[in-house]
Amino acid sequence: MEGVDPDRADGPADFAACLDALRRLRGLSYERMEAAVGKLPPKPSGAAWEPLARSTIGEIVTGRRMPSRDKLLTFLAVCGVPATEVPQWLTAWNRVGSVAIRRPSGALPVRDARPRALGVHAAIQVNGPAAAADELPVYVPRDVDARLRASLAAGRFVLLVGGSSVGKTRSAWEAVRAERADWWLVQPPDAAALAALAAALVPRTVVWLDEFQNYLSDGLTPATIRALLVGEAETVLVGTLWPDHYFRFTAKPDVGEADLFQREREVLKQAEVIDLADRLTPAERERADAAARDDRRIRVALTSTDYGMTQVLAAAPHLVLRWEQASDPYARALITAAIDARRLGVEGGVPTALLAAAIPAYLAPSEVARAPQDWLARALKYATKELHGATAVLDPLPGREMGTVAGYTVADYLLQHGTAMRRASVPADSVWQAYADHLTGADLWRTGKSAEARGLFRQAELIYRAAADDMAQARSSLIDLMRRQGRIEDEERVRRAAAAAGDHLELVRLGNFLDQQGRTEVARPSMTGRPAHTAALAAASQPGCSW
């Protein structure tokens, strides 16, 4: 077009300037361009034109946003660019786009992401015309969508809080796809990867944080979130979280209690929290009724009176029945043991060996005695069977080698339901022993905290001791438990063993502890002038240093 030459654009800023010059040449405001999209003649292919919101147009012409191919075609059509000149613009778009955007490690364009891989539940399959196995139902817009999309457009940390299978992940995905289709999307596997991403920010990146409690439990810090949100790079963080986790992490401790979740609380303060209810509002129900005319799965889901539409779509009723109505007592015990392990602290997969060791406690003595040789294999087959093409009660996690299983996760909705149903249930001693024998790291410590919270101090100590050698947090919990019980000698033994193993911080704490006890026969390590490791050996050489 006369006066505007996209071939001269050397980068995104130049290309944006060309588009803005084209707009001004046509005398088009953002508002007029947005309105003009609806008046464009149909494409030759019959496909619809990509919409152009005023905010999107502003981002494109100011260089804040590189338009997708379809948005560029709409922009050019609104500006009246002849079909013969469109290839020239597309060539320039390809050229500047290929050199302008760095790619975060492991990222892919938002438009190419698969919603199932991001955590969107598969939908039930129903009789009638079959949909593709991975095809999602028609999206029913939620009342929070406008606020959610405005927050994403502004570049924030948005956290959707709601129960399992209420549509959090689907709503987040639809919003990201609508607002940031031409950005990168990265799904960090853990808090360390998220910190690495913050240290090397790439503009125009959506950071996908489904099941946000996993990042919090993995040590995510407030500084990492600040680094992702502060600066010139355009970054959007999108996370999902259950209400139980949110309230647990944000509740302030009572006076005199240890503040166990201060770090988690500081992280969550930085999020814009959007609540998603587990039932449709009247307005959402009207939209669902309209969508049901074209999607039989939604029509079936709307007939339920016991569950919400989104829960039925994710096969929630079938999950509950599969557990509560299991005819095989070994399968029912297996599922119950997995639910208990998850609700009491296991945040990853429940190890198969733990389940095998715990299950007898969930059976009658006669059922234990009459168990067939293949009881575990049969129970696992029952629990992992896919229900209505959507989900299974237990989902296997791959082991280190091909064809092996490291453990099992519980379907989200069933875990939420089972947690509510078994909230007052306390597992037998043998189950806590199984946790001590088969769990490691933070999972082990969390189950110890669960035992302590229920007044099961002997079981808590058993688990803390199993974790204390490798985890300072577990050792601190063990020491706190002993102190509250007035077991001074046992506390000293634990501290001496840690100091002897080379824990310099515990060495200092041991000195403080001895001072408090008036034990002047053992010098405080920080006052001896000797090297720390020598002081540790000297302190540990005192009587009763092993436990």
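Heavy atoms only, all atoms of each residue included: Val37 and Pro51 are closest at CG1-CA, 4.4 Å. Residue Ser217 comes nearest to Phe249 through the heavy atom pair OG-CZ, 4.2 Å, listed as atom of the first residue, atom of the second, then distance. Closest of all the heavy-atom pairs between Val267 and Pro222 is CG2-N, 3.5 Å. The minimum heavy-atom distance linking Tyr215 with Pro189 is given by the pair CE2-C, 4.3 Å. Contact record, Asp190 with Ala193: OD1-N, 2.8 Å, taken as the closest heavy-atom pair.
Under the 3.5 Å distance criterion, the side-chain polar atoms of Trp89 are left unmatched by any main-chain donor or acceptor of Leu19. A donor-acceptor contact shorter than 3.5 Å is absent between the side chain of Asp20 and the backbone of Ala16. With hydrogens and angles disregarded, no donor-acceptor distance shorter than 3.5 Å links the side chain of Arg26 to the backbone of Val78. Checked by atom type and distance alone, the side chain of Glu284 pairs as donor or acceptor with a backbone atom of Asp143 at under 3.5 Å. For the pair Arg23 (side chain) and Leu28 (backbone), a donor-acceptor distance under 3.5 Å is present. Remark: the backbone N or O of Leu160 is not paired with any side-chain donor or acceptor of Lys168 at under 3.5 angstrom.
Salt-bridge formation is not detected for the pair Glu179/Arg149: no Lys NZ or Arg NE/NH1/NH2 atom is positioned less than 4.0 Å from an Asp or Glu carboxylate oxygen. Using a cut-off of 4.0 Å between Lys/Arg side-chain N and Asp/Glu carboxylate O, Glu59 and Arg180 are scored as salt-bridged. A salt bridge between Arg142 and Glu174 is absent, with no side-chain N of the basic residue lying under 4.0 Å from a carboxylate O of the acidic one.
The OG atom of Ser171 sits 5.0 Å away from atom CG of Leu276, with the distance rounded to the nearest 0.5 Å. Here the CE-OG1 distance, from Met421 to Thr336, works out to 11.0 Å after rounding to the nearest 0.5 Å. For the atom pair Asp395 CG and Thr384 OG1, the distance stands at 9.0 Å (nearest 0.5 Å).
No hydrogens or angles considered: a donor-acceptor pair under 3.5 Å links the side chains of Asp145 and Tyr139. Tyr30 and Ser55 form no side-chain donor-acceptor contact under 3.5 Å, judged by distance and modelled atom types alone. A donor-acceptor contact closer than 3.5 angstrom is absent between the side chains of Glu347 and His245. Of the N and O atoms on the side chains of Glu211 and Gln213, at least one donor lies less than 3.5 Å from an acceptor on the other residue.
The shortest distance between side-chain heavy atoms of Arg24 and Val61 does not fall below 4.5 Å. Taking the side chain as every heavy atom from C-beta outward, Leu228 and Leu194 approach each other to under 4.5 Å. Contact of the Leu394 side chain with the Val410 side chain is registered, since non-hydrogen atoms from C-beta on lie closer than 4.5 Å. Looking at heavy atoms from C-beta onward, Ile335 lies in side-chain contact with Leu414 at the 4.5 angstrom threshold. For the pair Val176/Trp208, a side-chain contact is recorded, criterion being any heavy-atom separation below 4.5 Å from C-beta on.
Heavy atoms from other residues, nucleotides or ligands lying under 6.0 Å from CZ of Arg248 number more than 12. Counting heavy-atom neighbours within 6.0 Å of Arg54 CZ, excluding the residue itself, gives a total of 12 or less. The 12-atom threshold is not exceeded at CD of Glu401, counting heavy atoms of other residues, nucleotides or ligands nearer than 6.0 Å. Other residues, nucleotides and ligands contribute over 12 non-hydrogen atoms within 6.0 Å of the CZ atom of Arg147. Taking a 6.0 Å sphere around NZ of Lys385, one finds it holds 12 or fewer heavy atoms contributed by other residues, nucleotides or ligands.
In this structure, Phe212 has its ring center closer than 6.0 angstrom to the ring center of Phe157.
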Steps toward salt bridge (charged side-chain N to carboxylate O under 4.0 Å, His left out) verdict (Arg342, Asp412): CA-CA 10 Å; Arg342 290 282 280 116; Asp412 284 352; 5.2 Å; no

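Of the candidates Leu237, Val207, Leu268, Leu237 is the only one forming a side chain to side chain contact (heavy atoms under 4.5 Å, CB included) with Ile225.
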